[in-house]
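Just so it is clear, the values below take in all heavy atoms, side chains as well, and ignore hydrogens, waters and symmetry mates. Not measured: the values here are computed from a predicted model. Below, chains carry the letters A, B, ... as their sequence lines are ordered, and counting in each starts from 1.
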Number of protein chains: 2
Amino acid sequence: MAVTMHDVAQRAGVSIKTVSNVVNGYPYIRAETRQRVESAIDDLGYRVNMSARNLRTRRTGLITLAVPELSLPYFAELADAVISAADDAGWTVLIEQTSASRERETEVLSGRRRHLTDGLIFSPLALGPDDLGLFTVEYPLVILGERVFGAPADHVTMNNVAAAKAATLHLASLGRRRIALIGAHAGEQVGSAALRTTGYLEGLAEAGLPHDPALIGEAGLWHRSTGAEAMSRMLDDGVEVDAVFALNDALALGALHALHAHRIDVPREVALIGFDDVDDAKYSVPALSSVDPGRDQIARTAVDLMVERIGAAGDDQAPFRRVVPDSRIIGRESTGDVAPGERERVVAVQEGGTEVVASAWPPARDRQNVT
Amino acid sequence: MAVTMHDVAQRAGVSIKTVSNVVNGYPYIRAETRQRVESAIDDLGYRVNMSARNLRTRRTGLITLAVPELSLPYFAELADAVISAADDAGWTVLIEQTSASRERETEVLSGRRRHLTDGLIFSPLALGPDDLGLFTVEYPLVILGERVFGAPADHVTMNNVAAAKAATLHLASLGRRRIALIGAHAGEQVGSAALRTTGYLEGLAEAGLPHDPALIGEAGLWHRSTGAEAMSRMLDDGVEVDAVFALNDALALGALHALHAHRIDVPREVALIGFDDVDDAKYSVPALSSVDPGRDQIARTAVDLMVERIGAAGDDQAPFRRVVPDSRIIGRESTGDVAPGERERVVAVQEGGTEVVASAWPPARDRQNVT
DNA sequence: TTGTATGCGTTATCAT
DNA sequence: ATGATAACGCATACAA
């Protein structure tokens, strides 16, 4: 059977409490006692039983990260960043894949597995503003992305509108007049698609370019395949295009594929920019310009907020915050921004910031009633 | 405070044991009793305390998957597949990133975090045959990849030699005579690089092509950047090349980038094939031919073996198995294998299999001593 | 500075 | 079919 603190205590000739103290780095222990305990631990190969410790402390040291799927490079890189940031802070991450389905996303918020971890960092894709109630939970929750605003939780999001506007303006600054958008979600009022489309339209307006609906390419799922299809459709329809803003890099790489299939030169005939700045972007042919939404900063901030919330559990809840990292437009070959031999160039920066979104939960007015 | 079984029992007017029975689906309960308990659970919003259950049952329902990093598409897709397979079997996966460092890989095998999960699925990259001792552990372990053979653990690996040989032969069958290899590890005797290089050499021999060392491109890390560099070096050196076998897809995509930068047409002037068949391969320009090593089957098999081992903990250990899934050569544009409009074509299949590698641990001879 | 005793919320062993 | 009760291994209040 596994060796317990008891065994260690016995072997070291001390009480179980002393072993516990040593294991947990309690400072007031005689050097010699500590010594004895430590060698007993080594001799016996003792390891703390996490389940017992978790039961006792009511903490697991785990946090859940829920994303649609790891096969999508953006989420894989986000997960990498979150795991690394959590690791630095001494926390362990458990990843849950939702496939962007309502059912799985709902399950993540309140399902069985929920109770294994101390908190949830959640990037929803199916749930939206109508489901705000589901996000009113009593455990530490950090929301990622642009599906849900105003939930009683910390929120880390992107500079979507400003960055999309900057990307569009950048294409216009290159002299492009027929700037297509790939990845639109018709009629949708919330989410990344709507926000980035808004930025695109603002950019067009500011550049004095007309808005032509024929230049809007729909793509429900943001995969390479759907990007390729949307781009092909537009080209097959004979729409005149000299630039493309794809709402994420997967779409952009798909679009690039379609442009190539149509023997259209990028960037000479059509300039192309994506969004997310995934690792792929650097190595596509030609290298893809993109919007860097500050992925590492998002991950680090999300973990920081989560750890802070967990630490403050039970206290009066601090106000919820909404954090937006800086974003940057990265110019590469697909927009002809780089000189031969140059890898990339930052052509614009959009500043983010932190905002206090809501007061503590339960709302202040309720607490005043109590007073 | 959180509601416990006790609260539920009180409310339902039954004993705590009965609540436990209901929660765990024990069959012999009167329908009415079950009913009462279930509504008490709903009313109170009761959830099982996993830490308590884990302590009691000595099981966590978690398994660790240790990979170098999720930013590498192959491992992201592997993680996706493992998580999904585990999910289907009712298990939860905790991912650990090792950065392919010896220190982190050692830590994974015996570190603090080890004790949170019931078993480890481990894809080592830094540790090798010299570290076999580290892999002799007393918890359920499934090894992935080709760094370590002969450890007392189940092992799921790829058809490296056969698949690499088939890929090389395929390039030769297209009439290519100067087939370069990108991603070699000079002097290394073990690991994917060595095995795939062996397959490449066997392929050359079988095709009657000479082996020219100038056609071997080194790349320590298999990233897009190193692939691009190795390819560039070779081209800058003026080596004559009409085909490239890259030891993984990241290298291949990097090489593709370099070929493009050198204004070399793929596949007309140089045919290119990768290894892993990551999702990217389908959407590069041109679409990348690749070796599909059977990723989903690897993931499913690894989880099956793991669950089986965990279930048999305490029993006499069954013999360790080595499982090799079928692999396939997928022809796409980069080898000119597809007709216009066609996406891909399976041009060869290498059969895998299952092999019993070692007898139970402790070794049979030890047990005979006991008898 | 260290020891004793209690309980965290479950499951498992007996009973009945 | 259900109940009483003893672990599971650790952390911690309280003593000493």
Below 4.0 angstrom from OP1 or OP2 of [N], is there any side-chain N or O of [X]?
X	N	result
A:Ser20	D:dT12	no
B:Thr18	D:dG3	yes
A:Arg58	C:dG9	yes
A:Ser15	C:dG3	yes
A:Arg30	C:dT1	no
B:Ser51	C:dG9	no

Per B:Thr4 side chain, nearest of listed nucleotides C:dT11, C:dG9, C:dT2: C:dG9
Of the nucleotides D:dA11, C:dT10, C:dG3, which one has an atom closest to the side chain of A:Met5? D:dA11
If you look at every heavy atom in A:Leu94 and A:Thr117, which pair is closest and at what distance? CD1-CG2, 4.1 Å
How close do B:Leu109 and B:Leu120 get, heavy atom to heavy atom, and via which atoms? CD2-CD2, 3.9 Å
Mind calculating the distance between [atom1] ([X]) and [atom2] ([N]) to the nearest angstrom?
X	N	atom1	atom2	value
B:Ile16	C:dT11	CD1	C1'	9 Å
B:Glu32	D:dA1	CD	C1'	12 Å
A:Leu55	C:dG7	CG	C1'	9 Å
A:Tyr28	C:dT2	OH	P	13 Å
B:Gln10	C:dG9	CD	P	14 Å
A:Arg53	D:dT12	CZ	C1'	13 Å
B:Lys17	D:dA1	NZ	P	12 Å
A:Tyr26	C:dT1	OH	C1'	8 Å

Do B:Thr60 and B:Asn54 pair up side chain to side chain, a donor and an acceptor below 3.5 Å, judged on atom types alone? no
For A:Glu38, does the CD atom sit with more than 12 other heavy atoms under 6.0 Å from it, leaving out its own atoms? yes
So what does [X] touch, heavy atoms closer than 4.0 Å: a base, only the sugar-phosphate, or nothing?
X	answer
B:Val23	nothing
B:Asn24	sugar-phosphate
B:Tyr46	sugar-phosphate
B:Arg47	sugar-phosphate
B:Thr33	sugar-phosphate
B:Ile29	sugar-phosphate

Going by modelled atom types, is there a donor-acceptor pair between the base of C:dT11 and the side chain of B:Arg56 at under 3.5 Å? yes
Is any side-chain N of the basic residue among A:Arg113 and B:Asp87 closer than 4.0 Å to the acidic one's carboxylate O? yes
Is it true that B:Asp304 and B:Arg321 make a salt bridge, defined as a side-chain N closer than 4.0 Å to a carboxylate O? no
